[in-house]
Number of protein chains: 2
Amino acid sequence: MSLVVVGSVAYDGVETPHGRVDRMLGGAATYISLSASFFTRTRIVAVVGDDFAAEDTELLAGRGIDLEGLQRVPGKTFFWAGRYSEDMNDRVTLTTDLNVFADFQPQLPESYRTAPYLLLGNIQPALQRSVREQMNGVRLAGGDTMNFWIRDFREELLETIAGWDFLLINDGEAKMLSGHTNLRKAANAILEMGPHTLVIKRGEYGAMLFRRDAFFVVPGYLLEDVFDPTGAGDCFAGGFIGYLAEQGFDLAAGHISRGDLSRAVIYGSVMGSFCCERFGVERFRTLTRSEIDSRFEEFRKFTSF
Amino acid sequence: MSLVVVGSVAYDGVETPHGRVDRMLGGAATYISLSASFFTRTRIVAVVGDDFAAEDTELLAGRGIDLEGLQRVPGKTFFWAGRYSEDMNDRVTLTTDLNVFADFQPQLPESYRTAPYLLLGNIQPALQRSVREQMNGVRLAGGDTMNFWIRDFREELLETIAGWDFLLINDGEAKMLSGHTNLRKAANAILEMGPHTLVIKRGEYGAMLFRRDAFFVVPGYLLEDVFDPTGAGDCFAGGFIGYLAEQGFDLAAGHISRGDLSRAVIYGSVMGSFCCERFGVERFRTLTRSEIDSRFEEFRKFTSF
């Protein structure tokens, strides 16, 4: 069933120990949508400038992604550049040119408003809320945020996530949001803020799922070469919500089990791992659902005892 | 079946965000032996000074640990003190007084020499080798090392571990020993050095098991409060080898499966997690085998999907 994804569509410049690309397709909404498109019909809400290349539109459309909500306005597309450390666990931002993204006001096409699934990528919390409010009958809504909003837009963020079913953040963000350094305490505090499901992403160390009555942990997939971790967290989000949308799960109605959510976390982990195998979105040009399902089974194999 | 454990028996001073203890029983051989004693008959080889307290001897003896190989010599027992960071992931050493440990020459009592299992705690590689050479008919031998030996005693260390069945080290040590930052590549390189089984400990993030034909990963146990992580890696080692000794497994004869080793990794993780629940060795005064087996089942529950 169809999924609405909101966030940035951007151009990225990325430097890792494996190489450097000066300009390639990126952005949270791009990664989330590409990842989710292997599971469900995905509809993107974002803004690009008049420099956005036809081949990038074609890549998204070629994956069946609905681009009716992709606004094109005069000016340049959001540009971000960063450089990763030798072990890929740290990165520095070299450039952030918001460009047309600075005035982004998400407007949902009529056809998007009744989609049952919603993934709010990392943008200003008030904009995330406005998208949520434009929709009717959402079964499952949630999203991501980041340190900047947690620190400087705390009240706005709390008001926004109060209406979410799930929150997907990394461990540092969970600690910052909750004020607890212990992740179990952090999770308990966050589950009091509204979302009944919390997924904490830990990069190469995997992910954890917390609900009041359930707990699940998966270690990370061990790649022989991590080419470029950019977008891996967004691809995790896309796999997580994509799988739930594909299955038609409905958290609010209580139709979802710990097992369902755990498998969604595994699909998230699978998609994050594929993302790192090539620069930018390259891996998604050739990836198949059968490769995805094989890696899901690999997770089962290397974690069972 | 019986297990010989070699390493330090010490007094520790530890400061964590939860409090401070100026002097308490510690040392790698202490933690390994206490942990292993829940699974198998354990025989300790170490040295202490004439300040070693009767109550500490009693704690070890009370767990059924054979102390015939615990040498008592004039002088003071090895003393170490350290302070942990707020998140417990880093620590600084404040004091290292080797004292009687500086001249430690491990001598195995006759009754130890035919024990089938051997765990070599982190001491100088040449001493680890001398212990190995004093034994006959060992089924399974392995141990731990640290950055200091990897960097400054590399040839001696390589000669030593060439004769081991398994090596248990942390991720930073695996990278340093192999020269690879990627853990899969690091593991492949280390498996060429002699040990057919490598366990990489990742602290709160869990552990990984590598063999040429097998791979297993387990996430860490999420404690609500980590009081003191001192000794957790050694308790992991004690649970790992203790379980294998209890089951009577014999790697050399090929009687061991990936499943057996995976369960040994889980028991290692269980024992490491209990260690962190109290200061020093306190948790082992009251711990029961039934608590251990319950936590083993908890691992199964929170990792299955």
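Sequence lines set the chain letters: A, B, ... in the order given, protein chains first and strands last, and positions in each chain run from 1.
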Worksheet item: Just by distance, with hydrogens left out, do T303(A) and R300(A) show a side-chain donor and acceptor under 3.5 Å apart?
Response: no
Worksheet entry | Contact origin within L222(B) toward chain A - heavy atom pairs under 4.5 Å | both
Worksheet item: Does NZ or CZ of R184(B) fall inside the cone over F215(B)'s six-membered ring, less than 6.0 Å from its centre and within 45° of the axis?
Response: yes
Discussion item. If you apply the rule side chain to side chain contact (heavy atoms under 4.5 Å, CB included), what do you find for F284(A) with M271(A), and how did you get there?
Written reply: CA-CA 10 Å; F284(A) 298 107; M271(A) 298 310 287; 3.8 Å; yes
Worksheet, complete the sentence: Looking only at S262(A), S304(A), A214(A), the option with the highest number of non-hydrogen pairs under 4.5 Å against chain B is S304(A)
Discussion item. With chain B as the partner, which of G206(A), P219(A), G220(A), G259(A) has the greatest number of non-hydrogen pairs under 4.5 Å?
Written reply: P219(A)
Item to complete: Measure distances from L209(A) to the heavy atoms of chain B and classify the residue's part below 4.5 Å as side chain, backbone, both or neither.
Response: neither
Worksheet item: Which region of M208(B), side chain (C-beta onward) or backbone (N, CA, C, O), has a non-hydrogen atom less than 4.5 Å from a non-hydrogen atom of chain A, or is it both or neither?
Response: side chain
Item to complete: Name the region of F210(B), side chain, backbone, both or neither, that has any atom closer than 4.5 Å to a heavy atom of chain A.
Response: side chain
Worksheet item: Pick from F249(A), F39(A), F166(A): which one makes a ring pair (Phe, Tyr, Trp, His ring centres under 6.0 Å) with F240(A)?
Response: F166(A)
Item to complete: Examine whether an atom of D225(B) lies under 4.5 Å from a heavy atom of chain A, and if so say whether it belongs to the side chain, the backbone or both; otherwise answer neither.
Response: both
Worksheet item: Using non-hydrogen atoms only, which part of R202(B) is less than 4.5 Å away from chain A: side chain, backbone, both, or neither?
Response: side chain
Fill in: Option in T181(A), L223(A), V217(A) with maximal non-hydrogen atom pairs under 4.5 Å from chain B
V217(A)
Discussion item. Tell me which of these, H180(A), M88(A), R258(A), E204(A), has more heavy-atom pairs under 4.5 Å with chain B than the rest.
Written reply: R258(A)
Discussion item. Do D260(A) and S257(A) pair up side chain to side chain, a donor and an acceptor below 3.5 Å, judged on atom types alone?
Written reply: yes
Worksheet, complete the sentence: Assert top hit (heavy-atom pairs under 4.5 Å, partner chain A, pool N188(B), V265(B), I266(B)) equals I266(B)
Worksheet item: Yes or no on side chain to side chain donor-acceptor pair (under 3.5 Å) for S273(A) and R295(A), after CA distance, side-chain angles and deciding distance?
Response: CA-CA 9 Å; S273(A) 73; R295(A) 188 160 292 181; 2.8 Å; yes
Fill in: Ring center gap for F216(A) and F302(B) short of 6.0 angstrom
no
Fill in: Ring-ring centroid check F299(A) Y267(A), cutoff 6.0 Å
no
